[in-house]
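Note that this is a predicted model, so its numbers are computed, not measured. Chain letters run A, B, ... following the sequence lines, proteins first, then strands; residues in each count from 1.
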2 protein chains.
Amino acid sequence: MSHTVGVRQTQKLRTRQALLDAALGLLEHQSLSSLGLREVTRAAGVTPTAFYRHFEDTAALGVALVEEALGSLHGMIGAVLAETGDSEERLGRSVELILRHVGEQPAHFRFIAREQHGGVGPVREAIAAQLRRFAEEVAAALAEEPESRGWSEEDLLMLGGLYVDHMVITASALLDAGPDGEREVAGVARRRLRLVTLGRLHWLDDANGADTP
Amino acid sequence: MSHTVGVRQTQKLRTRQALLDAALGLLEHQSLSSLGLREVTRAAGVTPTAFYRHFEDTAALGVALVEEALGSLHGMIGAVLAETGDSEERLGRSVELILRHVGEQPAHFRFIAREQHGGVGPVREAIAAQLRRFAEEVAAALAEEPESRGWSEEDLLMLGGLYVDHMVITASALLDAGPDGEREVAGVARRRLRLVTLGRLHWLDDANGADTP
DNA sequence: CAAGTCAGTGAACAGTCGTACTCTCAAATG
DNA sequence: CATTTGAGAGTACGACTGTTCACTGACTTG
């Protein structure tokens, strides 16, 4: 085995990335199920046949895009929630985090929002798996806090999922609003989070067991 | 003007409906931006050219589908919220309402969930407009309740949007879960609604004006 | 009942699509 | 240095796409 990365392999990764970038660009105005293989290779400056050296399908390319978009975000949420400060500060930081990431990588988030319920099964499942992981991470971070004393694991996961779903909704709303409506969307998102957090603090106030059969 | 509906016009509406039905069926496994005009007409048992007598685009057909899926739901939410009972009962009825409608018209809801952030602009906008109307209706219904004393119109709209977004999320989750996971999804949805409602009751407990600049 | 309207047909158009071939030639291998 | 490997090019294939045009014939209208 060689200790260098290899000129050949780096070049392969380069074209692979070119395909991913080209696809992401095209997906800004259409959804994955209508994305043509030739369309991607044309935008990437490669012949159609070269596509097969990297992905079997456009669906496989989509799964790779999911990984690229969400893979690097793990831990970030937990880190933000673990920071000190009262709930109002931490809440504001969460919204700012989304705002910054969406501003920096709008195409990635648009892709996730679009394909979360899109027509390509494997991609939908990949996104669902990633979001489930996020929800679990948030739930784990919440469990560390004193406010979660007495909470069942099930309810913590419910709350984590609630937060994650609102992250996605907020990101999507930011994309729809554009730079002008950004502040308003952020304000609404903050108030929504505040209301949920308020509900959390009073979750155990009374019996609250209407669901148990 | 004739007082009868006209054999010709009813037949036209019949094929129009056939096109809508065929499209809805095909859209169960793909998204609108990849739906072909010929594909639809083939499934509807009509020649491709006949399509143009009813819709200019597949996009226009999509907009018509949005109307068909959501148009008849207006008022229902307000009616449910206006019913008597404590918040726990009304909350349960809301979830049951979604559960029933999704069970009866799964394809419609799948379409809405899929195209809410899909690749076809006009359809996205049509859905957004309908959901905004829902949010306003819910806000108006909430405003009638004594629990909303002291709430600003802005916050009521925020809360209404929160409820509507959760309706959509729940519907989509129900579709993903299938008949087996239906009860579990409904349980989580109920607990989420309960938490939001809890937050609502304590919204005005303290100052709560961190946003005002 | 004659004239006109118009929903739907059928053929033809130029494109685009995904995929299967063979081929090249620079990098990796031993 | 001789050999093998493999990323990408080039060509060709049949299938499918949206749109156009002239057309038919049942219904509507005056």
Side-chain angles (χ1 to χ4, degrees), chain A residues 1-23 25-65 118-123, chain B residues 1-23 25-27 29-65 115 118-123:
Chain A
M1 64 185 94
S2 64
H3 57 297
T4 57
V5 258
V7 180
R8 204 170 199 170
Q9 191 174 350
T10 61
Q11 175 56 28
K12 176 165 185 181
L13 285 176
R14 186 189 300 275
T15 44
R16 183 192 140 98
Q17 193 60 44
L19 287 169
L20 287 171
D21 292 346
L26 292 166
L27 285 170
E28 216 136 344
H29 300 293
Q30 60 183 315
S31 36
L32 184 63
S33 74
S34 72
L35 186 70
L37 177 154
R38 292 184 103 105
E39 206 178 349
V40 178
T41 57
R42 198 183 310 125
V46 182
T47 51
T49 39
F51 183 91
Y52 294 105
R53 302 280 181 193
H54 302 274
F55 306 103
E56 191 180 333
D57 264 341
T58 48
L61 180 142
V63 173
L65 275 177
V120 184
V123 172
Chain B
M1 63 186 95
S2 63
H3 56 298
T4 57
V5 260
V7 181
R8 205 170 199 168
Q9 191 174 351
T10 60
Q11 176 55 28
K12 177 166 184 179
L13 285 175
R14 187 189 299 276
T15 42
R16 183 192 139 99
Q17 194 58 47
L19 287 170
L20 288 170
D21 292 347
L26 292 166
L27 285 170
H29 299 296
Q30 60 184 313
S31 34
L32 184 63
S33 74
S34 72
L35 185 70
L37 179 153
R38 292 183 103 105
E39 205 178 349
V40 177
T41 56
R42 198 183 311 126
V46 181
T47 51
T49 37
F51 182 92
Y52 294 104
R53 302 281 181 194
H54 303 274
F55 306 103
E56 192 180 333
D57 265 342
T58 48
L61 180 142
V63 172
L65 274 178
E115 301 303 327
V120 183
V123 173

Within this structure, what is the [atom1]-to-[atom2] distance between [X] and [N], rounded to whole angstrom?
X       : N      : atom1 : atom2 : value
A:Arg53 : C:dT19 : CZ    : C1'   : 14 Å
B:His54 : D:dT19 : NE2   : P     : 16 Å
B:Arg14 : D:dA26 : CZ    : C1'   : 15 Å
A:Lys12 : C:dA28 : NZ    : P     : 13 Å
B:Phe55 : C:dA7  : CZ    : P     : 13 Å
A:Arg16 : D:dA7  : CZ    : C1'   : 15 Å
B:Phe51 : C:dA7  : CZ    : P     : 15 Å
B:Leu19 : C:dG8  : CG    : P     : 8 Å

Using the closest heavy atom to pick a nucleotide of DNA chain D for each, name whichever of B:Thr58 or A:Thr15 lands nearer the 5' end. A:Thr15
Taking for each residue the nucleotide of DNA chain D bearing the nearest heavy atom, is the 5' side occupied by B:Arg8 or by B:Arg38? B:Arg38
Between [options], which one does the side chain of [X] approach most closely?
X       : options                : answer
B:Leu37 : C:dT9, D:dT19, D:dG8   : D:dT19
B:Tyr52 : D:dT19, C:dA7, C:dT9   : D:dT19
B:Glu39 : D:dG25, C:dG18, D:dT17 : D:dT17

Begin with the C-alpha distance, continue with both residues' side-chain angles, and end with the deciding distance and a verdict on side-chain contact (heavy atoms from CB on, under 4.5 Å) for B:Arg38 and B:Phe51. CA-CA 9 Å; B:Arg38 292 183 103 105; B:Phe51 182 92; over 6 Å; no
Which atoms form the tightest heavy-atom contact between B:Ala23 and B:Leu35, and what is the distance? CB-CD2, 4.1 Å
Which is it for A:Val120 and A:Asp57 under the side-chain contact (heavy atoms from CB on, under 4.5 Å) test, yes or no, and what are the steps along the way? CA-CA 11 Å; A:Val120 184; A:Asp57 264 341; over 6 Å; no
Scan B:Arg42 against the nucleic acid and name what it touches under 4.0 Å (heavy atoms): base, sugar-phosphate only, or nothing. sugar-phosphate
Give A:Ala50 one of three labels, base, sugar-phosphate or nothing, depending on what nucleic acid heavy atoms sit under 4.0 Å from its own. sugar-phosphate
Does any N or O donor sit under 3.5 Å from an N or O acceptor when you compare the side chain of B:Thr49 with the base of C:dG10? yes
Got a donor-acceptor contact below 3.5 angstrom from the B:Glu115 side chain to the B:Val123 backbone? no
Between B:Phe55 and B:Leu37, does the side-chain contact (heavy atoms from CB on, under 4.5 Å) criterion hold? Intermediate values first, please. CA-CA 10 Å; B:Phe55 306 103; B:Leu37 179 153; over 6 Å; no
